[in-house]
There are 2 protein chains.
Amino acid sequence: MSKVLIVEDEHAMSVALKDGFEFEGHDVTMAADGETALRLAKELMPDLIILDVMLPKMNGLDVCKQLRSDGYDLPIIMLSARGQEIDKVLGLKLGADDYITKPFSFMELIARVEAVLRRTSANKAQQKTVSFGSVKIDLAKHEVRKNDQLVELSSRELRLLTYFIEHPGEVIERDTLLDAVWDHDNPPLTRTVDMHVAKLRKKLEDQPSNPKHFITVHRLGYKFVID
Amino acid sequence: MSKVLIVEDEHAMSVALKDGFEFEGHDVTMAADGETALRLAKELMPDLIILDVMLPKMNGLDVCKQLRSDGYDLPIIMLSARGQEIDKVLGLKLGADDYITKPFSFMELIARVEAVLRRTSANKAQQKTVSFGSVKIDLAKHEVRKNDQLVELSSRELRLLTYFIEHPGEVIERDTLLDAVWDHDNPPLTRTVDMHVAKLRKKLEDQPSNPKHFITVHRLGYKFVID
DNA sequence: GGTTGGATTTTACAATTTGTTTACAACATT
DNA sequence: AATGTTGTAAACAAATTGTAAAATCCAACC
């Protein structure tokens, strides 16, 4: 039994999918627009998301992109109407796991669902965790512990930390961090980066005022060192 | 300073872009149609291409596609008029690095240009290390070691050292160093160079008062010798 | 609608670090 | 020796960073 989030605004289709998945023995949650989908996905951490491309408020591609950029690597299968072929490329590029074009038979969908679940649950076994000093991070679960004590990080803090972890040892400019961790349209001042680095130090360093991992490189930026 | 190829057929826009990029200190080449753009791109190998979607002879998407399929992976930023949203998907699919819709502010464009250049040149500069004698420099990590011992250099000292290493054996005038290592707007006195050379000697020479690598050439400048 | 609470961004100023100039002694060249 | 040049410590100036606190934003709830 898996937890499935179905995101679909056409009533007939959503009812059919719900019934179908429940008949297959899954635990189904529904969302009818992109924003709700995004919120529920983060809240429920479903095992699978069935995501229609055309949605009110926020389209499926953006939901997918947003989830990925927030660090959630939940399995996603996209649904699109025929003639939206172009979306396939982008959908996959933005991180969907599979893609199916309407109309499709329910059997076909179920087959793909199982393929995706098989693929991704295989990956799940090899938990993605990183640790440095007394800090352990489970990126999939969005959990950070220091001395086995849970530390609450905001989503921005987590994204920043993730970026650091993915680029150990490198000197990273503030502007690079703004590009990578903040949104593209209206980035804040570079000082905001300093602010957040200070927060990470406060929460994760043994001596925040004498950091060992989040290192300042004067005039250039910051450097994350694991040891 | 980067070489930029601007491909735009509307006169007003192309003049504005040219002026803007030249003001930013870039070396600008213009093209007004797709075929010319393609030829110039291959000929000049610019650091960046600003490519309008709507062009005579061959549209921007085709130019982009053609370049990619010919194996050129120059950074490309596409410009399109509002309402050509669909192009975004296609543009990215065909290999553009970023995309901006008219009308846009020049600041916005510049921000994206810088992001793209950073992304692409970051890949270029990876694992760039230089060394001389017992000194090794890892520019990405901002680390200098003498006999495997870490030496702390400020960013200006590091830039100066890098310049010396890239010009071994040459007699280099103080003014040349001011141009290359200091910023262009308000250069300090030439004596500041002496100051910094002294610092490098102190940190890197075995006998700072009897230097073997950072050699004074009386009345002319300095010379860096490797052995 | 408005309100609340948390996250995020901006601001402001102190602390720190780096960079520049000065001053004078030492040195090189004629 | 006279003159211009260089070495370098120390004083000074400027730029960068740390961080608390204020302002703003935003989503959730009434």
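Naming: A, B, ... by sequence-line order, numbering from 1 per chain.
- In this structure, A/Lys136 pairs ionically with A/Asp148, as a charged nitrogen and a carboxylate oxygen lie closer than 4.0 Å.
- Using a 4.0 Å cut-off between charged side-chain N and carboxylate O, B/Glu157 and B/Arg159 make no salt bridge.
- The side chain of B/Asp194 has D/dG7 as its nearest neighbour among C/dT8, C/dG19, D/dG7.
- Relative to the side chain of A/Pro188, the nucleotides C/dT21, C/dT9, D/dT6 differ in distance, and C/dT9 lies closest.
- For A/Arg191, taking side-chain heavy atoms from C-beta onward, the closest of the listed nucleotides C/dC13, D/dT8, C/dT20 is C/dC13.
- For the pair B/His218 and D/dG4, the criterion of a side-chain N or O lying under 4.0 Å from OP1 or OP2 is not met.
- Between B/Ser209 and D/dG7 there is no side-chain polar atom (N or O) within less than 4.0 angstrom of OP1 or OP2.
- Between B/Arg201 and D/dG7 there is a side-chain N or O to OP1 or OP2 distance below 4.0 Å.
- A straight line from CE of B/Met195 to P of C/dT18 spans 14 Å, rounded to a whole angstrom.
- Protein atom CG of B/Leu220 is 14 Å distant from nucleotide atom C1' of D/dG4, rounded to whole Å.
- As judged by a 4.0 angstrom heavy-atom cut-off over every strand, A/Val217 is placed among residues touching the sugar-phosphate backbone only.
- Applying side-chain contact (heavy atoms from CB on, under 4.5 Å) to A/Val4 and the options A/Glu22, A/Glu24, A/Lys18, A/His26 leaves one that passes, A/His26.
- Across all strands shown, A/Tyr222 has heavy atoms under 4.0 Å from sugar-phosphate atoms exclusively, and none from any base.
- Once rounded to the nearest 0.5 Å, the distance linking CZ of A/Arg219 with OG of B/Ser154 reads 8.5 Å.
- Distance A/Asn186 CG to C/dT8 P: 14 Å, rounded to the nearest Å.
- Residue A/Glu205 contributes atom CD, which lies 11 Å from atom P of D/dT19 at whole-angstrom precision.
- The side chain of A/Lys199 places no N or O atom within less than 4.0 Å of a non-bridging phosphate oxygen (OP1 or OP2) of C/dT8.
- The side chain of B/Arg219 lies closest to D/dT5, out of C/dT18, D/dT8, D/dT5.
- Which of C/dT8, D/dT8, C/dT20 sits closest to the side chain of A/Arg156 comes down to C/dT8.
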